[in-house]
Peer 1: 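This is the structure, below, for whatever I ask next.
One-based numbering, in listed order, for ligands and for the atoms of each.
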Amino acid sequence: MINVELLSAIHDSAVGRCRLCGSTAKTLLDLGSMPPANWLMSTHIQAIREFPLVLEKCDCGNFQLGYCLDAEDLYTHYNYATPNSPSLSEHYSRLIRHLEQNGYLTPDSNVVEIGSNVGRFLAALRPRVKSVLGIDPARNIAEIANRNGIRTLVEFFDRRVARDVARVEGTADLVVARHCLAHNRDPYEILDGIIELLAPDGALLIENAYAMSTLQQNEFDQIYHEHMFYFTLHAVRTMLERRGLALVDVMFSDIHGGSIACVAKRSMSNAAITSRIAAELWRERELLDYGLAQRFVDGTASIQAQLKSTIGDLRDRGCVIYAYGATAKGATLMNSIGLTSRDISYCADSTPIKQGKFIPKCGIEIVSEEWAFANPPDVFLLTAWNYKNELIAKARAAGLERVRFIVPVPDVTIV
Ligand code: TMP
């Protein structure tokens with residue numbers, strides 16, 4: 001049930017308006033009312049606050065949430081700590097190599113990361129650059145980063161913070177904004193700060209889940225209140241152009257179900273890259289013009305129906321099911337089909353700050369991987385499907401030879 005008092009916390013005045021280009025945005029998928037996915041509960045029956053979860057589409061190529069919560073409500077105390085993952089470390093190495101090979105990063109670079117979380121990306125960068133500095137609004141998360149030796153300021157990044165940092169530390173040769181611009185209602189506020197902070201020839205790295213992968217692979221569980229935008233290349237270009245920045249490079253990867261990493265600078269010069277970007281924009285336009293968004297809506301309904309019946313059948317046969325990965329995605333996935341702790345007994349997760357808490361609404365308790373492996377289920381629902389190979393390997397290595405895994409996307413399969 002939506003708590004009417006708290007509806008004032010959401011910005012519904014701009015529903016139906018593209019927050020990147022200002023045109024009309026139409027509802028594409030309405031997932032009803034949901035609690036913010038990372039508002040983990042401390043007890044099974046805690047009262048929860050729910051807000052509309054609606055994906056909108058604009059003809060400019062932007063996808064966004066219709067109703068946005070305040071960043072303060074979502075990020076002041078945060079329950080997401082970047083996990084220690086071999087595939088993530090490999091991804092960082094690939095990104096850094098690309099930045100170095102293309103001259104966006106040198107041993108003399110001063111790097112600032114916005115939304116740096118516990119500092120894993122900066123820790124990978126640190127041996128290769130002159131200095132690293134993190135900025136993150138979540139005090140509990142920044143404390144972990146600082147304890148691990150990654151200097152991190154506790155701030156919501158904006159122009160004021162940017163000016164202060166530039167004055168004290170100097171301008172930044174590389175500003176990193178991974179999973180950050182799309183996690184705020186108004187990315188221009190952050191972008192304006194970045195422009196203040198960026199050295200004249202500096203580079204900005206923007207990385208986020210890639211909307212085209214989200215749509216093509218039916219990843220409807222990527223929709224939750226923190227994800228206020230779903231970036232296409234078109235969307236990133238619109239955003240940058242409106243602030244006079246040039247999109248100078250783009251990289252795609254499989255991480256997090258498909259991600260896009262873009263590099264922007266104050267000016268553009270490379271003709272080969274310009275034509276590659278043009279080709280990617282053309283590819284996106286073709287897919288969007290030929291019904292991709294509607295196929296995603298249909299694919300979502302089909303996964304929801306299949307998953308519900310698969311889990312119902314397994315439960316009727318007496319199988320014990322746990323979720324694996326207390327992801328925000330998992331909260332959307334399970335709540336969107338009404339699963340509860342009667343269907344899914346526990347959720348295994350490696351993050352200490354999540355363990356002992358409960359996924360909001362569905363009320364599933366989060367336990368350590370060690371506990372889950374010592375008290376194994378018959379089946380895991382892979383709610384962290386983006387780490388599929390490593391989670392399955394981890395369970396097998398722990399001796400769980402017979403346990404099965406339900407992979408929910410791009411369609412429901414059992415491994
Ligand atoms: P994410 O998909 O939003 O990054 O979240 C992944 C979640 O999965 C996070 O809560 C940590 C958890 N996880 C494990 O429990 N074990 C692992 O080995 C990895 C890589 C992640």
Peer 1: Quick check on contacts: which atoms of ligand 1 are under 4.0 angstrom from a heavy atom of Lys354?
Peer 2: 9 (C), 10 (O)
Peer 1: Quick one: look up the protein heavy atom nearest atom 5 (O) of ligand 1 and list residue, atom name and how far away it is.
Peer 2: Thr327 CG2, 3.3 Å
Peer 1: Any chance the side chains of Asp249 and Tyr104 put a donor and an acceptor closer than 3.5 Å?
Peer 2: yes
Peer 1: For atom 3 (O) of ligand 1, grab the closest protein heavy atom and report residue, atom and distance to one decimal in Å.
Peer 2: Tyr80 CE1, 3.5 Å
Peer 1: Distance under 4.0 Å to a non-hydrogen atom of Glu369: what atoms of ligand 1 satisfy this?
Peer 2: 14 (C), 15 (O), 16 (N), 17 (C), 18 (O)
Peer 1: Can you pull out the closest protein heavy atom to atom 13 (N) of ligand 1? Residue, atom name and distance to 0.1 Å, please.
Peer 2: Ser350 OG, 3.5 Å
Peer 1: By number and element, which atoms of ligand 1 are closer than 4.0 Å to a non-hydrogen atom of Glu390?
Peer 2: 20 (C)
Peer 1: Taking the inter-plane angle between the rings of Phe373 and Tyr324 on a 0 to 90° scale, is it parallel (under 30°), tilted (30 to 60°) or perpendicular (over 60°)?
Peer 2: perpendicular
Peer 1: Short list, please: which atoms of ligand 1 are under 4.0 Å from a heavy atom of Ser85?
Peer 2: 20 (C)
Peer 1: Quick one: sort the Tyr92 and Phe121 rings into parallel, tilted or perpendicular, breaks at 30° and 60°.
Peer 2: perpendicular
Peer 1: Measure across Ile260 and Ala209 and return the closest heavy-atom pair with its distance rounded to 0.1 Å.
Peer 2: CG2-O, 4.2 Å
Peer 1: To check your reading of the model: name the closest protein heavy atom to atom 21 (C) of ligand 1, its residue, and the distance in Å.
Peer 2: Pro83 CB, 3.8 Å
Peer 1: Report yes if some N/O of Lys329 lies less than 3.5 Å from some N/O of ligand 1; otherwise report no.
Peer 2: yes
Peer 1: Please check: side-chain N/O of Asn386 versus main-chain N/O of Gly257, any donor-acceptor pairing under 3.5 Å?
Peer 2: no
Peer 1: So is there a nitrogen or oxygen of Asn386 less than 3.5 Å from a nitrogen or oxygen in ligand 1?
Peer 2: yes
Peer 1: By number and element, which atoms of ligand 1 are closer than 4.0 Å to a non-hydrogen atom of Leu391?
Peer 2: 16 (N), 17 (C), 18 (O), 19 (C)
Peer 1: Using a strict cut-off of 4.0 Å, indicate which atoms of ligand 1 neighbour a heavy atom of Lys394.
Peer 2: 16 (N), 17 (C), 18 (O)
Peer 1: Apply ring-ring contact (aromatic ring centres under 6.0 Å, His included) to Tyr210 and Phe231, showing your working.
Peer 2: CA-CA 6 Å; Tyr210 183 36; Phe231 282 159; over 10 Å; no
Peer 1: Looking only at heavy atoms, what is the nearest atom pair of Pro187 and Met239, with distance?
Peer 2: CB-SD, 3.8 Å
Peer 1: With side-chain contact (heavy atoms from CB on, under 4.5 Å) as the criterion, how do Asp173 and Val111 come out once you've worked through the C-alpha distance, each side chain's angles and the decisive distance to 0.1 Å?
Peer 2: CA-CA 6 Å; Asp173 304 298; Val111 181; over 6 Å; no
Peer 1: With a 6.0 Å cut-off on the ring centroids, do His256 and His91 count as close?
Peer 2: no
Peer 1: Against heavy atoms of His256, which atoms of ligand 1 measure under 4.0 Å?
Peer 2: 4 (O)
Peer 1: Run down the list Leu382, Asp349, Thr351 and name the one with the heavy atom closest to atom 8 (O) of ligand 1.
Peer 2: Asp349
Peer 1: Angle class for the Tyr322/Tyr346 ring planes (parallel below 30°, perpendicular above 60°, tilted otherwise)?
Peer 2: perpendicular
Peer 1: Considering only heavy atoms of Ala384, which atoms of ligand 1 have at least one such atom less than 4.0 Å away?
Peer 2: 8 (O)
